[in-house]
Amino acid sequence: MATIISIVNQKGGVAKTTTAINLSAALGAMGKKVLLVDLDPQGNATTGYGYAGAAKKNLENTTYEVLMGEVRPAQAVLATKFKNVSLMPATANLAEAEIRLLQFQNKTLCLKKALLQIKDSYDIIIVDCLPSLGVLALNGLCACDRIIIPMQCEPYSLEGVAELLATVKRVKKSHNRNLQLMGIVFTMLDKRLTVNREVMRSIKAKFPEDTIFKTEIPRNVRISEAPSHGEPIMYYDPGSKGAEAYNLLAKEVAKKCKAIEEML
Ligand code: ADP
Ligand code: MG
């Protein structure tokens with residue numbers, strides 16, 4: 001049965017989607033059967049996997065229809081060109097879910113219910129959450145076993161993460177007692193910048209060592225180019241620093257998933 005990992009941070013532009021795309025590709029390349037669930041109306045993970053323009057617009061079965069109970073989850077899963085990675089895509093209509101879900105009785109548990117139906121077909125399910133702590137993002141928190149928090153080392157980052165972890169604590173109490181932080185991953189890091197180094201130091205001082213991934217993702221222009229080519233970084237430029245970093249992160253994640261399986 002799959003370990004479900006949600007990539008969350010209510011702040012936008014911290015590399016959630018970049019991490020979701022590249023981590024799933026790297027885990028797939030390692031031989032894990034991976035499903036990437038796009039839980040953001042911007043649908044950037046969908047685009048990053050090559051469904052752009054008309055191909056994206058014409059998608060009929062997406063995360064939205066799954067959450068609304070209009071199609072079975074398996075019907076919305078697409079194959080990708082990349083080894084072992086399947087995709088549940090999202091388009092702009094997912095924004096309506098934020099309103100429509102409020103009328104549902106178990107409004108934060110719709111994604112969990114859906115993923116339960118297909119969990120056995122994968123080793124790892126990665127959920128790319130939208131930048132918010134609204135009902136849609138809460139579905140991402142309620143559905144998963146672990147969260148990964150991508151974080152840029154900037155002055156306000158720590159406050160954001162503190163707020164997020166308070167929400168995680170509430171969700172753990174009310175809906176998902178197994179929920180745990182898998183780790184914080186530093187993204188877009190430029191160690192030449194004093195501010196990056198200082199914020200990183202203060203975060204490391206606040207969190208236990210095993211809750212921060214050893215792999216740091218450097219700022220790398222090839223990473224930012226890859227999505228417009230519809231390819232994860234390890235296919236777009238396998239020799240880049242970015243590909244190397246995401247491969248190492250995938251190894252750490254696979255190790256932590258193995259430890260979870262062994263606990264069960
Ligand atoms: P989020 O999903 O948290 O909103 P994205 O993954 O979309 O963030 O990333 C925001 C922007 O930063 C994108 O343009 C992306 O290409 C860029 N980016 C992410 N990670 C890196 C990196 N390591 N180096 C350079 N650019 C990056
Ligand atoms: Mg995103």
Side-chain angles (χ1 to χ4, degrees), residues 5-26 36-52 56 62-64 87-92 94-95 97-98 111 126-134 136-137 139-141 144 147-154 156-157 159-161 163-164 167 183-193 195-197 199-200 213-250 252:
I5 303 170
S6 286
I7 314 289
V8 286
N9 192 327
Q10 73 276 32
K11 223 166 151 329
V14 298
K16 285 182 293 300
T17 302
T18 304
T19 299
I21 290 173
N22 294 315
L23 187 57
S24 46
L36 173 59
V37 177
D38 195 344
L39 191 65
D40 185 344
Q42 295 180 80
N44 293 337
T46 302
T47 314
Y49 263 98
Y51 290 89
K56 184 176 179 185
T62 67
T63 306
Y64 174 73
L87 171 73
M88 186 184 287
T91 57
L94 185 58
E98 196 82 70
L111 183 65
I126 292 183
V127 183
D128 181 27
C129 293
L130 68 166
S132 128
L133 288 175
L136 206 46
N139 266 271
L141 286 179
C144 68
I147 61 167
I148 291 179
I149 306 179
M151 190 170 172
Q152 253 186 300
C153 291
E154 286 182 345
Y156 298 116
S157 302
E159 289 166 34
V161 169
E163 189 192 349
L164 172 58
T167 305
I184 292 171
V185 56
F186 298 125
T187 58
M188 289 185 252
L189 201 62
D190 183 347
K191 284 193 169 165
R192 290 168 305 180
L193 300 179
V195 60
N196 272 198
R197 289 199 311 272
V199 173
M200 192 164 89
F213 284 103
K214 294 195 174 47
T215 309
E216 296 159 357
I217 311 294
R219 187 170 280 284
N220 174 238
V221 67
R222 305 297 274 168
I223 289 182
S224 57
E225 290 167 7
S228 52
H229 296 264
E231 290 185 340
I233 186 67
M234 56 282 308
Y235 293 93
Y236 177 67
D237 188 351
S240 62
K241 286 252 177 287
E244 189 190 346
Y246 274 110
N247 278 327
L248 288 173
L249 183 67
E252 279 194 70

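What you see is a predicted model, and the numbers here were worked out from it, not measured in a lab. We're numbering straight along the sequence, starting at 1. Just follow the structure's listing: the first ligand is 1, and inside any ligand the first atom is 1. Below, all heavy atoms of this structure are taken into account, side chains as well, without hydrogens, waters or symmetry copies.
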With distance as the sole test, does Asn196 use its side chain to make a donor-acceptor pair with the main-chain N or O of Leu189 at under 3.5 Å?
no
Taking non-hydrogen atoms within less than 4.0 Å of ligand 1, which protein residues qualify?
Gly12, Gly13, Val14, Ala15, Lys16, Thr17, Thr18, Met188, Ile217, Pro218, Arg219, Asn220, Ile223, Ser224
Short side-chain donor-acceptor distance under 3.5 Å, Asp128 and Thr17
yes
Residue set satisfying ring-ring contact (aromatic ring centres under 6.0 Å, His included) with Phe213, at least two apart, ordered chain then number -> none
Contacts of Arg222 that satisfy salt bridge (Lys or Arg N to Asp or Glu O under 4.0 Å) - sequence neighbours left out
Glu225, Asp237
Taken in chain and number order and not counting sequence neighbours, the residues that satisfy side-chain hydrogen bond (donor to acceptor under 3.5 Å, both in side chains) with Thr47 are Lys56
N, O or S atom of Gln42 closer to the Mg ion (ligand 2) than 2.8 Å
no
Using distance alone, with no hydrogens and no angle criterion, decide if Tyr246 and Thr215 have a side-chain donor and acceptor under 3.5 Å apart.
no
